[in-house]
> 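Below are the structure tokens for one structure; questions will follow.
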Amino acid sequence: MKLTPDALARAGTIERPAYDRADVTPGIVHLGLGNFHRAHQAVYVDECLTATPDWGIRGISLRRPDMRDALAPQSGLYTLAVRDGAGTAARVIGSVLEVLVAGEGLGPVLAAMTDPATRIVSLTVTEKGYCRDGAGDLDQAHPAVVADLKTPESPGSVPGLLVEALRLRRAAGTAPFTVLSCDNLPENGAALARVVRQFAALRDRELAEWIRAEVAFPSSMVDRIVPATTEADRAEIAALTGLEDAWPVVTEPFSQWVVEDRFPAGRPDLAAAGVQFVSDVAPYEHMKLRMLNGAHSTLAYLGQLRGHETVSDVMGDAELAELVAGVMTQAASTLSLPQDELSAYATRLQDRFRNPALHHKTAQIAMDGSQKLPQRLLAPIAEAHAAGRPWDALATGVAGWLRYLERFAPEDPMAPELRLAAAKGPNAVLDLRAVFGDLSDASWFREGVLARLPA
Ligand code: CS2
């Protein structure tokens, strides 16, 4: 039987929304409705809907229609399968009310974003969605930005879309929404505010001023490991629940969301669902990006080179498991949180990476290296070096990427440049200032990385 509201009502014991979905109205628009959002923010929101049903989610897929096509026949319902060595626990999530596809027409998307009921626009659009240059400014040469500046009322880029929605709200006298970044970038709220304000200033100075004065961009640290869904997952979950879900999502038991509490237009009571509200998210973002994601990228490249398909396979390779621990220790040495807290965090991370049931593919993490390495490995290398602390494990991750680029065709927005450079050799890749910034000129860095190139 296919997963639908009727089928769920007749199904056995599967855990499901505790609220009546008929009472739920939209309050959040989410840009980039992928698996990560569905296993993370949408689950926290699901837990708030009993107390406050006016925070349902309208999801936007920027380009591809496949998520909408999967979820529309299910009225937005989907199965969350939480897996570890002990087994799989399935639960049906009801917080996503509908999915719109921006690439098929902006009318409904802008209508949702300008609806006064929409008080939060959250995002998981990945690093490349921010259209930043190497210095963190709006990349004015980015093709999507160039196109949006020509036709700003039909935007295709994320900054362009946010600015157009905010412009329309201002013109209609509607208060702005809060913009909540949930991507893996340090100070992600400030990073997004910067490109949005810069884009707005290129359109209209007054609009840019209004955005600066009125729109909040809280930062948030998001953490949950969410592999891509496979056919085997679909079959296992259908067997477990008795309901065929076109696109279930598989994840680990662990979940963390640390959010800066700046929501002038209001927010659901996410603290009751386990979200940590703090005044400064930066220390948590740095911890997570450098220790978890830095180790992830390292193990992805070295793992790919050794033919390890999944993260848990890499953790079964003693030499690489030791390298992963070393990356965490060296990353921790650059962080401001108490070292005992950080070493407990590292132990827990290594347990998560060993989860045998998750099948998290190294190839998935290896994507978009040019967008990920700066905050995950390069920033901690620069800081560790400046402080006279060891950074060789971190450099091994960078060296792994260089070797990976020689042997694999990368999925990366910079793929053409990377392929050209890699064909000339690792030094040519290290010359790419868009990735390495000033480190391109640092001989200590170049020598340190080249000395660690894997065979
Ligand atoms: C991973 C992340 O694919 C990647 O780059 O490092 O998606 C990672 O699984 C999440 O950030 C965990 O919270």
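Every value quoted in this text rests on a predicted model; they were computed, and no experiment measured them. Order of appearance sets the numbers: ligands from 1, and atoms from 1 within every ligand. Residue indices begin at 1 and follow the sequence shown.
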> Side chains of Asn293 and Lys288: any donor to acceptor distance under 3.5 Å?
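Distance-only check passes for Lys288 and Asn293.
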> Please check this pair: side chain of Asn188 against backbone of Asp183, looking for a donor-acceptor N/O pair closer than 3.5 Å.
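Yes, the answer is positive, given that a donor and an acceptor are paired below the 3.5 Å cut-off.
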> Nearest to atom 11 (O) of ligand 1, what protein heavy atom do you find, and at what distance?
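Of every protein heavy atom, Lys288 NZ, 2.6 Å lies nearest to atom 11 (O) of ligand 1.
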> Phe36 ring centre to Arg224 NZ or CZ under 6.0 Å, with the angle to the axis within 45°?
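Because its charged atom misses either the 6.0 Å distance or the 45° angle limit, Arg224 does not stack over Phe36.
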> Tell me which protein heavy atom sits closest to atom 2 (C) of ligand 1, plus the residue, atom name and distance to 0.1 Å.
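Going by distance alone, atom 2 (C) of ligand 1 is nearest to Asn293 ND2, 3.5 Å.
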> Whether the side chain of Ser220 engages the backbone of Ser181 through a donor-acceptor N/O pair (distance < 3.5 Å, no angle test) should be reported.
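Pair found, side chain donor or acceptor close to backbone of Ser181.
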> Check this for me - ligand 1, Arg352, N or O atoms closer than 3.5 angstrom, yes or no?
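In this structure, Arg352 places no N or O atom under 3.5 Å from an N or O of ligand 1.
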> Using 30° and 60° as the class limits, which term best fits the ring planes of Trp444 and His385: parallel, tilted or perpendicular?
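Because their plane-to-plane angle is under 30°, the rings of Trp444 and His385 count as parallel.
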> Please confirm whether His40 approaches ligand 1 to less than 4.0 Å, judged on its heavy atoms.
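False for this residue.
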> Between Ile365, Asn184, Asp223, flag the one that comes closest to atom 13 (O) of ligand 1 by a heavy atom.
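Among Ile365, Asn184, Asp223, the closest heavy atom to atom 13 (O) of ligand 1 belongs to Asp223.
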> For ligand 1, which part of Arg376 has a heavy atom less than 4.0 Å away: the side chain, the backbone, both, or neither?
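The part of Arg376 near ligand 1 is the side chain, not the backbone.
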> Looking at ligand 1, does Met367 have a heavy atom less than 4.0 Å from it?
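No, Met367 has no heavy atom closer than 4.0 Å to ligand 1.
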> Starting at OG1 of Thr334, measure out to CG of Leu394 and round the result to the nearest 0.5 Å.
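The OG1 atom of Thr334 sits 7.5 Å away from the CG atom of Leu394.
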> Check this for me, if you would: do Arg376 and Glu127 make a salt bridge, where the nitrogen-to-carboxylate-oxygen distance has to be below 4.0 angstrom?
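Salt bridge: yes.
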> To which protein heavy atom is atom 9 (O) of ligand 1 closest, and what is the distance rounded to 0.1 Å?
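Protein heavy atom with the smallest distance to atom 9 (O) of ligand 1: His296 CE1, 3.2 Å.
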> Out of Lys372, Gln364, His360, who gets a non-hydrogen atom closest to atom 4 (C) of ligand 1?
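Result: the heavy atom closest to atom 4 (C) of ligand 1 is in Lys372.
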